[in-house]
Amino acid sequence: TPTTQVFRTGRSLHLGHQEMLAAYQNGDLASVGSRSQDWMGVPLISRGEVLGVMTVQHYEQGKRFNDMDERLLISVSDHVARTLERMQAEELLKASEEKYRSIFETASWGIFQAAPSGELLSVNPALASMFRFDSPGEMVSSLNLGGLHADPGDGERLMAELEAGNGVSHLPFRGRRKDGKEMFGALTVQPVRDDLGGIVRWEGALEDLSEKRRAEAALEEQKAYFQQLFDNSPLAIVFMDPSGAVIDVNESFEDLFGYAKDEVKELETTIIPERFQEESLEFLKACRRGEALSEETVRRSKSGREIEV
């Protein structure tokens, strides 16, 4: 069809009745619908891409479009193409905003926007929850960017860094929640600038590391407790890796067998008599399988004395 030809070539096309008949007869155009007496079409072009075709036609015999009509149609098509381009840009922007809003609302990290002065403009539900506020709106009306910190001095240092035009990335953070309890995290703040380089706003994220910090503290406490038991136990204790190499022995082990800690590299060459070597290997295999053992056997001190254990 003429419309298809304009869309494919990206060029205007003006066909009078005789020209259209010749094109139909030659097979250059396919006949679809009523045949007009005069037909003109121009492409709708945006950024070098044909978006569509605008057409006008006369069905009354003897009527024909002139050059002024063609220039007018081209001018109108330019306006239509720009309108379509703007509509497409608005749709893309809307889709982008909806995607960002979805991420903003559902992210597990705290996300915020702040004015250049540090005034909070928006916070997501995750950030409000971290600080124990009932809603993002309550948090925005209660705090500014510097006020997120438990130590006002930390907030002042952050704002000084931001006022110098510098962002921060994964900055160790200690904040105070609405209920007065402290929380810990990693703070990232970066500037959003205009075309002239001026800061329009700050955007940032806060990862809540409070649970991780508490878990690490509990683990350290357990390690300290176990180390105390290990050091002070009246029982001889030895730590070995899966290959059987000695990692550590306690003071009771040193007292019982007469070996200093740095003298015990492997048990086979120190405290295990030769006739119990095979038995010891079986014990080690069972431990590798995760089995607990409680067996009576014989071990040897540094002086050569055999000890029932």
Side-chain angles (χ1 to χ4, degrees), residues 92-231:
L92 290 173
L93 178 61
K94 182 180 178 181
S96 177
E97 289 175 344
E98 289 176 351
K99 182 178 180 180
Y100 175 80
R101 176 56 56 181
S102 176
I103 294 173
F104 185 82
E105 295 291 339
T106 62
S108 59
W109 282 31
I111 302 174
F112 61 86
Q113 293 180 325
S117 62
E119 177 187 359
L120 288 176
L121 301 175
S122 65
V123 302
N124 71 338
L127 188 65
S129 177
M130 286 181 195
F131 284 85
R132 300 300 187 264
F133 284 98
D134 294 332
S135 69
E138 181 190 8
M139 183 173 179
V140 167
S141 63
S142 303
L143 293 176
N144 58 27
L145 190 53
L148 299 177
H149 294 76
D151 182 351
D154 290 340
E156 291 171 2
R157 283 187 286 274
L158 172 66
M159 292 310 301
E161 190 74 16
L162 298 184
E163 287 170 5
N166 303 317
V168 297
S169 182
H170 300 291
L171 180 73
F173 174 86
R174 181 169 64 93
R176 191 172 303 281
R177 304 185 315 197
K178 181 183 175 183
D179 58 13
K181 296 180 180 179
E182 290 188 344
M183 58 87 64
F184 301 88
L187 178 67
T188 296
V189 186
Q190 297 297 331
V192 176
R193 300 181 183 274
D194 58 24
D195 294 340
L196 299 177
I199 296 176
V200 178
R201 64 180 181 275
W202 295 100
E203 293 187 347
L206 177 64
E207 180 183 8
D208 189 354
L209 301 178
S210 301
E211 288 299 327
K212 180 181 178 181
R213 186 184 176 94
R214 280 192 286 269
E216 290 174 346
L219 180 61
E220 288 302 318
E221 184 178 346
Q222 290 178 353
K223 286 181 178 179
Y225 177 70
F226 184 82
Q227 188 66 46
Q228 186 177 20
L229 291 178
F230 176 77
D231 292 338

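All values below were derived from every heavy atom in this structure, side-chain atoms included, with hydrogens, water molecules and symmetry-related copies excluded.
A donor-acceptor contact shorter than 3.5 Å links the side chain of Thr188 to the backbone of His170.
With rounding to the nearest 0.5 angstrom, the CZ atom of Arg176 is 12.0 Å from the CG atom of Leu143. The distance from the CG atom of Leu158 to the CG atom of Leu148 is 8.5 Å, given to the nearest 0.5 Å.
Contacts of Arg174 classified as salt bridge (charged side-chain N to carboxylate O under 4.0 Å, His left out), with partners at least two apart in sequence or in another chain: Glu182. With sequence neighbours excluded, no residue forms a salt bridge (charged side-chain N to carboxylate O under 4.0 Å, His left out) with Arg213. The salt bridge (charged side-chain N to carboxylate O under 4.0 Å, His left out) test applied to Glu220 returns Lys223, not counting sequence neighbours. The side-chain hydrogen bond (donor to acceptor under 3.5 Å, both in side chains) search around Gln227 returns Asp231, not counting sequence neighbours.
Salt bridge Lys181/Asp179: absent, no basic N to carboxylate O contact under 4.0 Å.
For residues 124-142, every residue pair satisfying the side-chain hydrogen bond (donor to acceptor under 3.5 Å, both in side chains) rule, not counting sequence neighbours, is listed here: Glu138-Lys178. Within the structure, salt bridge (charged side-chain N to carboxylate O under 4.0 Å, His left out) contacts touching residues 110-130 (residues at least two apart or in different chains) do not occur.
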- Query: Are Phe173 and Glu207 close enough, and set up right, to give a side chain to side chain contact (heavy atoms under 4.5 Å, CB included), and what steps lead you there?
  - Reply: CA-CA 9 Å; Phe173 174 86; Glu207 180 183 8; over 6 Å; no
- Message: One pair to check against side chain to side chain contact (heavy atoms under 4.5 Å, CB included): Phe112 and Val189. What are the steps and the verdict?
- Response: CA-CA 9 Å; Phe112 61 86; Val189 186; 3.8 Å; yes
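By the 4.5 Å heavy-atom criterion applied to side chains, Leu206 and Phe131 are counted as neighbours.
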